[in-house]
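For this chain, numbers begin at 1 and follow the sequence in order. The figures here come from the full heavy-atom set of this structure, side chains too, leaving out hydrogens, waters and symmetry mates.
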Amino acid sequence: MAAEWVSRLVGARASPSHASSAYSATTPPSTLPSYTKAVVLHDDRALCASDGTALPSSIPLRLQFLLSKAGVAAASALDAGAPANAFDHEPSSTLIFSVGPNPLTRKIISSDEASKLTPEGFIVRSTRLAGGATAIAIEGANWKDIPKPKSKRSPRPWTHGNRGLAYGVYAALEDLGFAFLHPLEPTIPHSIPVIPPNGQLNYSDCPRWTQMRAIHYHTQHPLEITPFLEGFGPEGVRDQAGWESQIPEWASYCEWLIANRQNGVEWALLESGRWADFARSDVRADRLKKIVDVGHSFGVAVGVDVPIAFAQQHSFRLLKNGTGKANHLDAEKAEIHESLDWVMKAGFDFLGTENGTSEFTHTSAQTMLDWINATSDYAAEKYGVQMHIKVHCSTGQFAKGFVDPRTGKDINYNMLPHFASPSMGVLPHTVETYSLDDPAPTYGNKDFKYIREYLGWEREQNERSVVYYPETSYWVSVDIDLPLFLPLYADRRLHDLQLLASDEESSSSKTRMDGQLIFSSGWEWGYWLNDSIAARAAWNPQLEAGKKSPRDGLIAAFSPLTRHLEPTLRNEANELLADWCCVQKDLLIDGKIGDQPAPEDVNRRNGHAYLEGWDTWDDVSKLVGKMTQPDRLGLIELKLGSKWFAQATNLIRGKMDPMTEYKTNVAPLLEAMDISFTALAARTKTLADKVPAHTKDLWDDIADAAEMTALRSRQVRYLYEHIAAHIKDKNNFECAKKAVQCIKEASVIVARREKRYRVPADRIAGWTGLEGPNPTAYSFNYLWMVRSLHCWWRDTAQAVLTGSASNHVSFCNVIDPIEVGIGEGRMLHIAEGAANFLNKLGFARDFFDVEEHEPHYPQSIKHWKDLA
């Protein structure tokens, strides 16, 4: 990589708060001897590393930078051939990183030990030299590509540095007190205490799943670095300097990926008629190539998700002019191949794609299969890259004429790739917090058992790459933009991988899947924790610790956050995080209250359904039977009571009337969440006030998110209690006032936390409009709903106001369904024409009349009156 790009990476962000100690959080730094000098000894081929044996090119300089920020003057010694005794004169205040096969490393780690390492494995071992200096020797094995026999591609050697060495370097840094938890802000100790003689490092490690441990950063959502990854600068596509200014943030993320034992990253490539001249330009291709180069400089494989015909949310499509007619197939293949040729100008290492034309719509099965094969075979044969296609958990679609051999019936359309060329890998996908054996009342499902079975079936066939594809957050309106503190995500992702590892071990073939791809959708409000723990679980799913109990496995998984706390505080933190997960599993997923048994059917009886947000299109999806989140007893349902019930018996046939349902099922659940999450939030705040300085920013983030979760629980409880009380006494607004007070308290926390976001708050919480420098289909950035407390205010208005406007599902609509759901081209123009026609007739009131200017609550709520 060019030297000027390397120099940019060294300055990637570091935490402004610093640790006082790597080994004892209670001992003042002045009483501990610390390192004052460091030498980084590595192969001088590290700056090219074309043979894959040396460190990735950015890591030596980054290692020196991190050490210097910890108060250690770091120098690099590139002469890897220096004799093993060259540093024997160095005193105890000197720290030597000896990376890779040089004489000093060989004195500490034998060549025989190094040769036995499995792909991406590493050894870290430290020792005292003759003069007292500490030498940390690191050996590692590089990644090895193992294509399936029928994949139509040859193994691709990884030539961008030895990943095992890179993982070993960051493991050693964590031993010294560093932490890599938030992707944009590594935590750096104020000083590095000398490793005591009885505390020398000596361990090896290797991943359970080797082929893919990666993150899908979902740029269809307006996240921290979405514009950068799409080639946009802060001022838009022509802002080259602004785009380049964000490279250090991308570098920081790449470093986080390696520190968290990942080997790849991808994002969704977007395209819009609003910036058509840029979408497939050489300028954009060059920017994408630079993004790939930066990833390679840290040892990260870089891919991109390029849908074939999937048209949602400004998707880049390989095929814009598909008709599905037999005599058009050659032209369609040519268009797909031309699009792939443009994409591969950037030098991507792997590719992802999507099935169907949206999450809920599709073309004919044979047409889709022809397109899939044309895509993956071309990518494999011409470029040698592996492709994967998402196998979604949406329901109600079947591939007519393609029989599932397990059932003898037409196969679930999402599973159509089973019949595709073996060059196309599959990504069995689950959504939201739900694990593979949890009840999962979302996307029309009862659970995800069938996804687990499908994954195992494809894995046992061993004909194509199989990678598990779960989530660590869900945007819009479900969790991160309330926001809710949900370490439950980390818990359930760990549990998933333990289940899948168990399935592998109990299978007749013992064949393993190829790994995990995490669907990530934002980092603030503690969601960095979900990504970090879920990512590391693909390296080590804590099977040994989990043998004692699931709680022990969970506590072991949280060690990257808690390991540098002193023992008493560490135990307190571990128990607190485990309690959060256990309580959330009971209340949010199982609907289990205290010692009572969980309901057999969790529909409308689980906590997720009540804490999540509900916007216009969530309400519409409920009416049309295509829900993408758990159903609830709605506020309007309860408010209108028998009147609503009479109008909607077809939707809730067989259910009890709303007030009875509320008193019997919902009120006890809301009370339990309020009490439980308030208590946990208080414990979290107490702990955050006691942690040492180097973890303070992380724990304050968690504490604020915890308090928001408690306030949201309390607000929802008061809104339902208000409706119940108001039905009896129209002048009773006491509970409504308490609900509004919750919003006021939440707004104070949001304002405080925005000052501590890792990027400028407006960049992730601002209202942008569709005409601004925004590549997505949304008018606002991903935390705007947090800033405005949109879902909190919408719920409150629907519970409190009596006018018909607030009862309508289109109330407070901020999302353009055509922009988000239809895509570009002919269908967009047809949909816009139909929308205008329906609006004129009065049949689609407000659905397509989206807020063009930023709403401000409660002022923007029609007929709102102050409850004070």
Side-chain angles (χ1 to χ4, degrees), residues 148 150-152 305-312 315 317-337 339-340 351-380 387-431 443-445 448 450-451 453-461 463-467 469 625-626 821-823 825-827:
K148 300 297 181 184
K150 299 180 181 180
S151 67
K152 300 188 179 183
D305 184 352
V306 282
I308 299 169
F310 188 91
Q312 286 181 204
S315 293
R317 286 176 289 160
L318 298 175
L319 179 62
K320 292 184 174 183
N321 302 302
T323 66
K325 296 180 180 179
N327 60 345
H328 289 191
L329 182 58
D330 287 345
E332 290 165 350
K333 286 183 178 180
E335 184 181 348
I336 289 170
H337 296 166
S339 295
L340 281 171
L351 297 172
T353 194
E354 308 288 330
N355 192 7
T357 53
S358 77
E359 290 179 338
F360 300 104
T361 59
H362 59 268
T363 186
S364 74
Q366 185 59 58
T367 295
M368 193 70 231
L369 199 59
D370 289 340
W371 293 346
I372 290 172
N373 292 338
T375 302
S376 63
D377 284 350
Y378 187 76
M387 285 200 78
H388 291 90
I389 190 167
K390 180 167 66 179
V391 177
H392 208 294
C393 60
S394 58
T395 55
Q397 302 179 80
F398 297 93
K400 188 175 181 179
F402 289 83
V403 177
D404 188 332
R406 300 170 299 169
T407 65
K409 300 178 180 178
D410 286 344
I411 199 166
N412 181 326
Y413 193 94
N414 292 306
M415 299 174 183
L416 179 64
H418 173 76
F419 298 97
S421 167
S423 62
M424 181 63 83
V426 291
L427 300 168
H429 181 51
T430 58
V431 297
Y443 278 83
N445 294 284
F448 293 141
Y450 70 102
I451 295 290
E453 292 171 347
Y454 170 76
L455 188 154
W457 178 44
E458 291 283 16
R459 175 179 52 75
E460 284 295 284
Q461 300 284 317
E463 291 190 351
R464 69 183 72 250
S465 177
V466 180
V467 173
Y469 189 23
K626 293 288 185 180
I822 302 298
R826 180 170 175 267
M827 285 304 297

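No side-chain N or O of Ser421 forms a donor-acceptor pair with one of Asn373 less than 3.5 Å apart.
Heavy atoms only, all atoms of each residue included: Met368 and Tyr413 are closest at CB-OH, 3.1 Å. Scanning all heavy atoms of the two residues, the minimum distance from Trp371 to Ile308 falls at CB-CG2, 3.8 Å. Looking at every heavy atom in both residues, Lys148 comes nearest to Glu463 through CB-O, 3.7 Å. The two residues Ser394 and Asn412 come nearest to each other via the heavy atoms O-ND2, 4.3 Å. Nearest heavy atoms, Asp377 versus Lys152: OD2-NZ, 3.1 Å. Of all heavy-atom pairs spanning Val466 and Arg459, the tightest one is CG2-N, 3.9 Å.
Of the possible polar contacts, none joining the Arg406 side chain to the Trp457 backbone as a donor-acceptor pair under 3.5 Å is found. For the pair Glu335 (side chain) and Lys320 (backbone), a donor-acceptor distance under 3.5 Å is present. Here the side chain of Tyr469 pairs no donor or acceptor atom with the backbone of Val391 at under 3.5 angstrom. No donor-acceptor pair closer than 3.5 Å links the side chain of Ser423 to the backbone N or O of Ser151.
Atom OG of Ser364 sits about 8.0 Å away from atom CZ of Phe402, to the nearest 0.5 Å. Taking CG of Asp305 as the reference point, atom NE2 of His388 lies at 12.0 Å (rounded to 0.5 Å). Expressed to the nearest 0.5 Å, how far CD1 of Ile372 lies from CG of Leu416 amounts to 5.0 Å. Taken to the nearest 0.5 Å, the CZ atom of Phe419 stands 15.5 Å off from the CE atom of Met424. If you take CD on Gln312 and OG1 on Thr361, they are separated by 7.0 Å, rounding to the nearest 0.5 Å. Taken to the nearest 0.5 Å, the CG atom of Leu427 stands 10.0 Å off from the CE atom of Met387.
Ser339 places none of its side-chain heavy atoms less than 4.5 Å from the side chain of Val306. Counting heavy atoms from C-beta outward, Val426 and Met415 have side chains that stay 4.5 Å or more apart. At a threshold of 4.5 Å between non-hydrogen side-chain atoms, the residues Leu351 and Leu340 count as touching. The closest side-chain heavy-atom distance from Asn355 to His392 is not below 4.5 Å. With contacts defined as side-chain heavy-atom distances shorter than 4.5 Å, the pair Phe448/Val431 qualifies. Contact of the Ile336 side chain with the Tyr378 side chain is not registered, since no non-hydrogen atoms from C-beta on lie closer than 4.5 Å.
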Exercise for the section: Decide yes or no on side-chain contact (heavy atoms from CB on, under 4.5 Å) for Tyr454 and Asn414, but give the supporting numbers first. Expected result: CA-CA 11 Å; Tyr454 170 76; Asn414 292 306; over 6 Å; no
Practice task
Give the intermediate values and the outcome of side-chain contact (heavy atoms from CB on, under 4.5 Å) for residues Glu332 and Thr323.
Solution key: CA-CA 8 Å; Glu332 290 165 350; Thr323 66; 3.4 Å; yes
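Shown here are the salt bridge (Lys or Arg N to Asp or Glu O under 4.0 Å) partners of Lys626, two or more places apart in sequence or in another chain: there are none.
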